[in-house]
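Sequence lines set the chain letters: A, B, ... in the order given, protein chains first and strands last, and positions in each chain run from 1. Because the structure is predicted, anything quoted here is derived from the model rather than measured.
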2 protein chains.
Amino acid sequence: MRPQKVADHVLLENMISVFRFNGYEGASLNDLANASGLKKASLYHRFPNGKKEIGSAVLAYITEGITNNIYQVLADKNVSADIRLNTVLENINEVYDGGKNSCILRVLSMDSGLELFGDQIKFSMNIWIDAFTLLGIDFGSTKKEAKSKANKSLVLIQGSLVVTKAMSSLIPFQEALKDLRNLYIE
Amino acid sequence: MRPQKVADHVLLENMISVFRFNGYEGASLNDLANASGLKKASLYHRFPNGKKEIGSAVLAYITEGITNNIYQVLADKNVSADIRLNTVLENINEVYDGGKNSCILRVLSMDSGLELFGDQIKFSMNIWIDAFTLLGIDFGSTKKEAKSKANKSLVLIQGSLVVTKAMSSLIPFQEALKDLRNLYIE
DNA sequence: AATTAATTACCGAACGTTTGGTATATTTGA
DNA sequence: TCAAATATACCAAACGTTCGGTAATTAATT
């Protein structure tokens with residue numbers, strides 16, 4: 001059996017950067033093919049259902065990332081809550097490249113994206129919220145308080161990424177990371 | 001001179017709802033024409049430079065709204081800071097229809113929008129920030145503190161609108177309005 | 001008061017281009 | 001030699017845009 005020219009995860013990473021830059025509607029199959037290193041028709045071999053399946057696969061990949069880099073870190077009771085929080089803040093900073101990267105969940109929830117991927121996006125965001133809710137409880141909050149803080153954490157990151165991109169300044173994102181920390185510490 | 005079938009502001013309001021729903025790339029000229037009550041070719045009479053000019057006109061219209069409903073309210077020293085804040089919160093709630101409406105500034109800063117409209121979007125957001133900075137100073141903050149709070153207000157609203165839309169729940173937006181109020185009161 | 005000229009608003013039909021998607025052929029490694 | 005992976009060539013439909021021409025109104029001339 002002939003080997004793949006481009007590995008799955010490489011393919012997905014390349015797609016992600018196209019979606020980040022052009023949005024879902026704005027990303028044409030030619031854009032995606034060019035970025036992937038494969039030809040357009042070959043993308044249909046890897047993703048038989050076309051652009052929708054690419055978007056869906058990207059979201060599944062991102063969901064895996066959120067699970068590994070956020071949920072599993074925050075749910076690990078072997079580590080102190082302080083350190084878990086710091087680790088996750090570092091991971092968030094890394095994933096969004098200090099604020100330079102847009103959030104794929106937001107990008108794919110624009111245009112026709114919400115209709116196509118709404119469930120997957122909700123699912124991913126709920127993992128984020130569940131993760132930070134666990135953290136809040138370990139920091140001594142009631143479940144209700146913890147859930148409220150978790151929602152705030154999501155709002156902070158999403159909002160700061162919007163403002164950071166629109167204002168061409170990384171400061172809002174960096175400030176949001178501090179604010180997110182202050183939600184739990186002090 | 002033959003009268004216009006559809007008044008400018010009606011035209012723009014209709015365009016806005018199309019952009020809100022479909023994004024910039026996702027909004028086709030057919031969509032825009034259908035929503036406007038004019039035919040596609042007639043849109044080119046009203047906006048000779050096509051889709052770009054429509055986006056630009058929409059942003060100019062939104063900027064006017066921000067100036068009237070937010071900046072002018074918050075800059076009016078004849079009214080107590082408390083009341084100004086409440087008025088603006090009501091206006092924000094109204095403009096975004098309790099969270100149901102996406103923010104056009106965010107919608108048009110996606111896809112190719114940032115490239116086309118970046119300056120206008122930055123300009124609008126700066127009006128928001130300037131307005132809330134004035135408020136913060138009147139609430140007793142230093143200029144630096146006031147500016148930081150103003151940025152937070154923008155992040156809160158943008159983020160909560162993203163989360164509200166993605167999660168199909170108006171709660172994040174409503175919570176953000178409360179959080180925004182608490183930035184200044186208490 | 002009537003007619004004509006000028007101006008503006010609008011629209012059906014078509015433009016070239018790009019879109020997402022396929023049918024068919026070739027390459028490649030087991 | 002067989003099956004999976006990739007590539008070339010192609011397509012109908014939709015895209016943003018343009019054009020020739022018509023409808024509706026005002027201004028000017030008689």
Verify same cluster id: B/I171, B/I92 (apolar side-chain graph, 4.5 Å):
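Hydrophobic grouping puts B/I171 apart from B/I92.
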Interface residues of residues 9-23 of chain A with DNA chain D (non-hydrogen, below 4.0 angstrom)
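None, since no heavy atom is under 4.0 Å.
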For DNA chain D, determine which residues of residues 49-57 of chain B have any heavy atom closer than 4.0 angstrom to one of its atoms, and list them numerically.
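B/G50, B/K51 - these, ordered by number, are the residues of the stretch whose heavy atoms sit under 4.0 Å from the strand.
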Indicate yes or no for a side-chain donor-acceptor contact from [X] to the backbone of [Y] under 3.5 Å, with no hydrogens or angles considered.
X: A/D76; Y: A/N78; answer: yes
X: A/N91; Y: A/V88; answer: no
X: A/T164; Y: A/S160; answer: yes
X: B/S124; Y: B/I121; answer: no

Which pairs, with at least one residue in residues 30-57 of chain A and sequence neighbours excluded, count as a ring-ring contact (aromatic ring centres under 6.0 Å, His included)?
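Checked against ring-ring contact (aromatic ring centres under 6.0 Å, His included) - neighbours excluded - no pair reaches residues 30-57 of chain A.
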Would [X] and [Y] count as having a side-chain donor-acceptor pair, cut-off 3.5 Å?
X: B/Q120; Y: B/T63; result: no
X: A/K165; Y: B/S109; result: no
X: B/T67; Y: B/Q72; result: no

Would you tell me if any nitrogen or oxygen in the side chain of B/Y44 comes within less than 4.0 Å of OP1 or OP2 on D/dT18?
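Answer no for this pair, as no side-chain N or O of B/Y44 is under 4.0 Å from OP1 or OP2.
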Sequence neighbours excluded, every pair satisfying side chain to side chain donor-acceptor pair (under 3.5 Å) that has a member inside [range]:
range: residues 140-150 of chain A; answer: none
range: residues 170-184 of chain A; answer: A/N86-A/R181, A/N93-A/Q174, A/E175-A/K178
range: residues 127-139 of chain B; answer: B/K77-B/D138, B/R84-B/D138, B/W128-B/S153

Could you check whether A/A27 gets within reach of a base, just the sugar-phosphate, or nothing at all, counting any heavy atom under 4.0 Å?
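The residue A/A27 makes sugar-phosphate contact but no base contact.
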Heavy-atom pair of closest approach, residues B/V95 and B/N101
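Scanning both residues completely, I find the closest heavy atoms to be O-ND2, 3.2 Å.
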In whole Å, I'd like the distance from the [atom1] atom of [X] to the [atom2] atom of [N].
X: A/E25; N: C/dG20; atom1: CD; atom2: P; answer: 9 Å
X: A/L29; N: D/dC15; atom1: CG; atom2: C1'; answer: 15 Å
X: A/N34; N: C/dT19; atom1: CG; atom2: C1'; answer: 14 Å
X: A/L43; N: D/dA5; atom1: CG; atom2: C1'; answer: 12 Å

Could you tell me which residues satisfy ring-ring contact (aromatic ring centres under 6.0 Å, His included) with B/Y24, sequence neighbours excluded, listed by chain and number?
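Once residues adjacent in sequence are excluded, the partners of B/Y24 under the ring-ring contact (aromatic ring centres under 6.0 Å, His included) criterion are B/F19, B/F117.
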Non-neighbouring partners of A/Y71 that pass ring-ring contact (aromatic ring centres under 6.0 Å, His included), sequence neighbours left out:
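Residues passing ring-ring contact (aromatic ring centres under 6.0 Å, His included) with A/Y71: none at all.
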Taking N or O atoms only and anything under 3.5 Å, show me the protein contacts with nucleotides 12-14 of chain D, one pair per line.
none

Fellow cluster residues of B/I83, listed by chain then number, with links counted only when side-chain atoms sit under 4.5 Å apart:
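Traced through the cluster, B/I83 reaches B/V79.
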Nucleotide-resolved protein contact map, nucleotides 4-11 of chain C, B/S/- at heavy-atom distance under 4.0 Å
----BBSB
Between which residue ranges does DNA chain C form stems of three or more consecutive Watson-Crick or G-U wobble pairs, both distances under 3.5 Å?
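So the stems come out as C:1-30 with D:1-30.
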